[in-house]
Amino acid sequence: MRPIIGISAGRRLVKSSEGKTRATVLYTTYSEMVRATGGIPVVLPPGDPAEIPELIARLDGLILSGGGDVEPALYGGEHLDGVYAVDPVRDAFELALVRAAVAQRLPTLAICRGMQIANVALGGTLFEDIATRRPQALAHQVKGEGVREPQHAAYLDSGSSLAQAIGDEVAKVNSIHHQALDDVAAVFRVVGTAPDGIVEAVEPTNDDWPMWGVQWHPEYLGAGDPASRRLFAAFVDRAAG
Ligand code: MN
């Protein structure tokens, strides 16, 4: 049996026959990577957190996907000018997803916003806007064709399971984020950093919860990128148990 991988999603107003309608949105790159590495993807529309324990029990793995910003009030942050696309319904749903995933030890891959919401859910904080909080940092918010190309290095902890999964101690990663982890939740340790010190990857400090968080977008680099394929394949293997 191929593992069923739930993927969290966003909401956005899209053009429709009635003018504009709110839609569940998830770029196809996520489902393509899950399928390419042996999983079956299912999209999880933001909604009622009360259904999450039952939902999680039916999944073999969870991807927390990228998207807009986490509400700064959730971690004592400020609504700086750069903060955009906050969705309280999505935030509430994903906070509950993270906590249920921890409780049920569900294999989890948290990507970009996904790593940020996991950090907030478990007691950490974020830089609301890197350019404001860390003006000396590299340009981490790349647009256009650059999203599919490596932008900077992520130096991985050689003893981490993430480095083992990727098969290297230096990952060349894309970078499509203007927020980053500030205080790292106590359950995590940093296992990847950019040359400017921005946190690029975390994993739990103990083995109970098989989870990786990455600030970059392996699904955008795609199955043709060997390191991204290895990461997804290792995650799907974990989900397959
Ligand atoms: Mn980056």
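Both counts, for ligands and for their atoms, begin at 1 and track the order of listing. All residue numbers in this chain count up from 1 along the given sequence. We use all heavy atoms of the structure for the numbers below, so side chains are in, but hydrogens, waters and symmetry mates are not. None of the values given here were measured: they were computed from a predicted structure.
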Q: What orientation do His140 and His152 show, parallel under 30°, tilted 30 to 60°, or perpendicular over 60°?
A: perpendicular
Q: For the residue pair Tyr27 and Tyr220, categorise the inter-ring angle as parallel (less than 30°), tilted (30 to 60°) or perpendicular (more than 60°).
A: tilted
Q: Among the N, O or S atoms that His140 has, which is closest to the Mn ion (ligand 1)?
A: ND1
Q: Between the side chains of Asp91 and Arg113, is the shortest nitrogen-to-carboxylate-oxygen separation below 4.0 Å, so that they form an ion pair?
A: yes
Q: May I ask you to say whether Arg230 pairs ionically with Asp168, meaning some side-chain N is under 4.0 Å from a carboxylate O?
A: no
Q: Which atom name would you report as the N, O or S atom of His152 nearest the Mn ion (ligand 1)?
A: NE2
Q: Tell me which N, O or S atom from Glu200 is the closest to the Mn ion (ligand 1).
A: OE2
Q: Is Ser175 close enough that one of its N/O/S atoms sits under 2.8 Å from the Mn ion (ligand 1)?
A: yes
